[in-house]
Asks: 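Right, I'll just put the structure down here and ask away after.
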Amino acid sequence: MPETRPMTADDVTASKELGHEAFGNPRPGGGRVAGEFPAPGTTTWGTFDDEHLVAKATARHDASFWHGREVATCGIAGVAVAAEHRGRGLLRGVLAEALAEHGQAVSTLFPTAPGIYRSLGYEVVGSLDHVDLPTAALASVRAPAGTTVRRATAADLPAVDAAYARWAVTRNGPLTRTAACFSAGGGERLAEVSGVTLAEDDDGVVGYAAWTRGPGYGPAARLDVDDLVTLTPDAARALWRVLGSFASVAGTVRLRTSGDHPARLVLPSSTWAAVERRPYMARVHPSALGSLTAGPDDDVALSLRVAGDPLGVLDGSWALEVRPGGSAVARVTDDDRLPTLTPQGLALAYAGTLPAVDLRAGGHLVGGDERTDAALDRLLRRRAPAVLDYF
């Protein structure tokens, strides 16, 4: 009988072997370093069959911004099932344990096979994109007045993180980057990139770009931008000009971004070629609706039902109140006459990915009426979905 349990440092070799099989990671070699597994702020759950690791998933105990507030988030990573054991439902068991450990309101992941996770109540709510821009076009951005640039040091990282937080809190989905799994020191973070350029004005740091210079030089060479955060149009202009200064030695800037980046609006060219899109999926517990931030004119009481959760956790009826003084959500007696969302529909609505009319067209919202749809859209479509990895 397979057993699912938290993995310990004694299981690191088995974990790396399964990671090699699933993702092509390097095979384990040499002795393990004490304390490196599990990583800080994570738990790795493993399913063992006759003491052999046959499935695993890592839960990152994290937080992300949704509707202007921090929401406890379980980030799922490193999911793998041994080849001979696929198709036996082991993924459901290991994910159920990972999700139940701390009961976070939201769970997110980057899927390799979205259909598998869709069957477990996840849905695609955004994407992490890599886009290519001609470096020469960036060099022609006009110089802003009153915004300067300089290279960041470790002492500047608190200001970098503050700028990131100001950007992230206005969107749905970005990680707060403050949880224990973000434990790298300043020196380690800066060592991961070639440079971090700050944009500053009289208010301090109003943007930054974390970039890595690729090998070689000439038209085929590339500059990778891992993080580009801009809080003002002039910050965008100043940072684009710095990146454009590589035009003579690197033909392309590859930007890691999500959604419609406002820095694109100051570019003289419309060239924005997506070369890779990594879908980002979410599974949302109805309790997350309690994180909604009321606007000055909001005074909404709305009852909803969720049905069809394969893990049997989200199903039921919920009463939501959103008022200027605060928001609250509570489970109530189940009533199949209420407007009903699928788990995927709840994720899409909460993230602001689709309006109610499209949820209905996709079969993820039934019941209710136009007033229900208007209330959902008003409460849940205030911020654009956006997600970034981190540097």
Asks: Determine whether more than 12 heavy atoms belonging to other residues, nucleotides or ligands lie under 6.0 Å from atom OH of Tyr217.
Replies: no
Asks: Please list every donor-acceptor pair under 3.5 Å in which a side-chain atom of residues 260-267 meets a protein atom from a residue at least two apart or in another chain.
Replies:
residue	atom	partner	partner atom	Å
His261	ND1	Ala263	N	3.0
His261	NE2	Leu228	O	2.8
Arg264	NH2	Ser270	O	3.4

Asks: Between the side chains of Trp211 and Thr197, does any donor sit under 3.5 Å from an acceptor?
Replies: yes
Asks: Any side-chain heavy atom of Glu101 sitting closer than 4.5 Å to one from Thr43?
Replies: yes
Asks: Which pairs with one or both residues in residues 87-100 pass salt bridge (charged side-chain N to carboxylate O under 4.0 Å, His left out), sequence neighbours excluded?
Replies: none
Asks: Would you please say whether a donor-acceptor pair under 3.5 Å links the side chains of Thr42 and Arg60?
Replies: no
Asks: Please determine whether salt bridge (charged side-chain N to carboxylate O under 4.0 Å, His left out) holds for the pair Asp161 and Arg189, giving the CA-CA distance in whole Å, both sets of side-chain angles, and the decisive distance to 0.1 Å.
Replies: CA-CA 12 Å; Asp161 294 340; Arg189 289 174 61 189; 2.9 Å; yes
Asks: For Ala165, which residues count as a side chain to side chain contact (heavy atoms under 4.5 Å, CB included) partner, sequence neighbours excluded?
Replies: none
Asks: Check side chain to side chain contact (heavy atoms under 4.5 Å, CB included) between Pro286 and all other residues, then give those that pass, not counting sequence neighbours.
Replies: Val306, Leu314, Trp318, Leu346
Asks: CG of Leu348 to CG of Leu354: how many Å apart, nearest 0.5 Å?
Replies: 5.0 Å
Asks: Begin from the C-alpha positions of Thr232 and Asp234 and carry the test side-chain hydrogen bond (donor to acceptor under 3.5 Å, both in side chains) through to its verdict.
Replies: CA-CA 5 Å; Thr232 68; Asp234 281 348; 5.9 Å; no
Asks: Could you list the donor-acceptor pairs under 3.5 angstrom formed by side chains in residues 241-249, with sequence neighbours left out?
Replies:
residue	atom	partner	partner atom	Å
Arg241	NH1	Val141	O	2.7
Ser245	OG	Val242	O	2.5

Asks: According to ring-ring contact (aromatic ring centres under 6.0 Å, His included), who are the partners of Phe65, at least two apart in sequence or on a separate chain?
Replies: none
Asks: Which value, rounded to the nearest 0.5 Å, describes the distance between Gln104 atom CD and Ser287 atom OG?
Replies: 10.5 Å
Asks: Can you tell me how far the CG atom of Asp129 sits from the CZ atom of Arg254, to the nearest 0.5 Å?
Replies: 12.0 Å
Asks: Go through Asp358 and Arg360 one step at a time and tell me if the salt bridge (charged side-chain N to carboxylate O under 4.0 Å, His left out) criterion holds.
Replies: CA-CA 5 Å; Asp358 288 336; Arg360 290 188 182 280; over 6 Å; no
Asks: Can you name the ring-ring contact (aromatic ring centres under 6.0 Å, His included) partners of His61, sequence neighbours left out?
Replies: His102
Asks: Can you pull out every salt bridge (charged side-chain N to carboxylate O under 4.0 Å, His left out) where at least one residue sits in residues 300-321? Sequence neighbours excluded, please.
Replies: Arg283-Asp309, Arg305-Asp334, Glu321-Arg323
Asks: For residues 353-383, pull every pair meeting ring-ring contact (aromatic ring centres under 6.0 Å, His included), keeping only residues two or more places apart or in separate chains.
Replies: none
Asks: Run the side chain to side chain contact (heavy atoms under 4.5 Å, CB included) test against Ala221 and tell me which residues pass, sequence neighbours left out.
Replies: Arg213, Ala250
Asks: List the atom pairs, donor and acceptor, that lie under 3.5 Å between side-chain atoms in residues 70-77 and the rest of the protein, sequence neighbours left out.
Replies:
residue	atom	partner	partner atom	Å
Thr73	OG1	Ser64	N	3.3
Thr73	OG1	Ser64	OG	2.6
Thr73	OG1	Val71	O	2.8

Asks: Does atom CZ of Arg378 have more than 12 heavy-atom neighbours, drawn from other residues, nucleotides or ligands, at distances under 6.0 Å?
Replies: yes
Asks: Sequence neighbours excluded, which residues qualify as side chain to side chain contact (heavy atoms under 4.5 Å, CB included) partners of Arg5?
Replies: Glu3, Asp11, Phe48
Asks: Could you go through the side-chain hydrogen bond (donor to acceptor under 3.5 Å, both in side chains) check for Arg277 and Ser127 one step at a time?
Replies: CA-CA 6 Å; Arg277 301 197 74 182; Ser127 66; 2.9 Å; yes
Asks: If I take atom CG from residue Leu380 and atom CG from residue Leu289, how far apart are they, to the nearest 0.5 angstrom?
Replies: 6.5 Å
Asks: Quick one: do the Asp227 and Tyr208 side chains pair a donor with an acceptor below 3.5 Å?
Replies: yes
